[in-house]
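Each ligand, and each atom within it, is numbered from 1 in the order the structure gives.
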Amino acid sequence: MHSDLIVKTAAFVKESLENAESGHDWWHTERVWKNARLLLRSEDANHLVVELAALLHDIADSKFHNGDEEIGPKTARKFLQSTGVEEDVVFHVEQIIRHMSYKSGLGEVRYSSREMEIVQDADRLDAIGAIGIARAFTYGGYKNRTLYDPSIEPKPLQSKEEYKNSTAPTINHFYEKLLLLKDKMNTSAARRIAAGRHEFMERYLEEFFGEWQGEK
Ligand code: ADP
Ligand code: NI
């Protein structure tokens, strides 16, 4: 039964992510999974593939494995094979995980399916809005970035390498990535949700700069 497989996968992911940092912990995965299910209500796609890929998309982060970008897809394949699910499902989920991240989107590798687009939207939704703001400052704190520095201009168009190596203040990340995400959504359902979250970030930034200037 597919619902058993999903429950089993959720348990595996939850256990694997027990010690993960908060940007990519089980709760991030659970939010992405919920977002994906919400998008599935208005999208015609293979539900099993979407749910499994949402659950497994951050199973192993290359950042913590010496930049090995194959660790995630391979871990997902190994787990799915152990469950006995059909090879075409294993292959599709593996491909989604391999090609989904924003970073590989900036690079030259290309793969696409409706299922991948839905999971990608679900993941991107978790990078914007109130949660997105919280995640950005958590990441910035982890990397010891300043909150904001008016002398460092944001650079919205960066190569994959520049993006990876950037040491800019966290506020710049809004202009370099977070505010661009609403126009990168693949599905109309995600575009609608993103619009509200985007507006919230704009209001947040307005408040931030007002307070920064001592105007509030
Ligand atoms: P993804 O999981 O989508 O590939 P990342 O690993 O790049 O994304 O980022 C995880 C979280 O940390 C996201 O919410 C993202 O916006 C945030 N983040 C990534 N890079 C930065 C940065 N330079 N400054 C602030 N937040 C960042
Ligand atoms: Ni993610």
Q: Counting from 1, what ligand 1 atoms have a heavy atom of Leu178 closer than 4.0 Å?
A: 16 (O)
Q: Do you know which N/O/S atom name in Asp123 is closest to the Ni ion (ligand 2)?
A: OD1
Q: Any atoms of ligand 1 less than 4.0 Å from a non-hydrogen atom of Tyr163? List them with their elements.
A: 7 (O), 19 (C), 20 (N)
Q: Do you see an N/O/S atom of His57, backbone or side chain, under 2.8 Å from the Ni ion (ligand 2)?
A: yes
Q: Going by the atom numbers of ligand 1, which of them fall below 4.0 Å from some non-hydrogen atom of Asp123?
A: 3 (O)
Q: For the Ni ion (ligand 2), give me the closest N/O/S atom belonging to Asp58, just the atom name.
A: OD2
Q: When the ring planes of Tyr204 and Phe174 are compared, do they come out parallel, tilted or perpendicular, using 30° and 60° as the limits?
A: parallel
Q: Can you tell which of Ala136, Ser166, Gly141 gets a heavy atom nearest to atom 25 (C) of ligand 1?
A: Ala136
Q: Is there a donor-acceptor contact under 3.5 Å from the side chain of Glu176 to the main chain of Pro156?
A: no
Q: Report the relative orientation of the aromatic rings in Tyr111 and His92; use parallel for angles under 30°, tilted for 30 to 60°, perpendicular for over 60°.
A: perpendicular
Q: Examine Arg37 relative to Trp33 and say whether NZ or CZ is less than 6.0 Å from the centre of the six-membered ring and inside a 45° cone about the ring axis.
A: yes
Q: Taking only non-hydrogen atoms of Phe137, do any sit less than 4.0 angstrom from ligand 1?
A: no
Q: Determine whether the side chain, the backbone, both or neither of Arg124 has a heavy atom under 4.0 Å from any heavy atom of ligand 1.
A: neither
Q: Please list every donor-acceptor pair under 3.5 Å in which a side-chain atom of residues 190-201 meets a protein atom from a residue at least two apart or in another chain.
A:
{"from": "Arg191", "atom 1": "NH1", "to": "Met185", "atom 2": "O", "distance (Å)": "3.0"}
{"from": "Arg197", "atom 1": "NH1", "to": "Leu125", "atom 2": "O", "distance (Å)": "2.7"}

Q: Taking the six-membered ring for Trp, are His57 and His28 parallel (under 30°), tilted (30 to 60°) or perpendicular (over 60°)?
A: perpendicular
Q: Could you tell me whether the Ni ion (ligand 2) has an N, O or S atom of Asp126 under 2.8 Å away?
A: no
Q: Just let me know how Arg145 lines up against ligand 1, side chain, backbone, both or neither, with a heavy-atom cut-off below 4.0 Å.
A: side chain
Q: Are Val50 and Phe91 connected in the hydrophobic side-chain network, where two residues link if heavy atoms are under 4.5 Å apart?
A: no
Q: Salt bridge check: are Lys14 and Glu18 linked by an N-O gap of less than 4.0 Å?
A: no
Q: Record the part of Lys143 in heavy-atom contact with ligand 1 below 4.0 Å; permitted values are side chain, backbone, both and neither.
A: neither
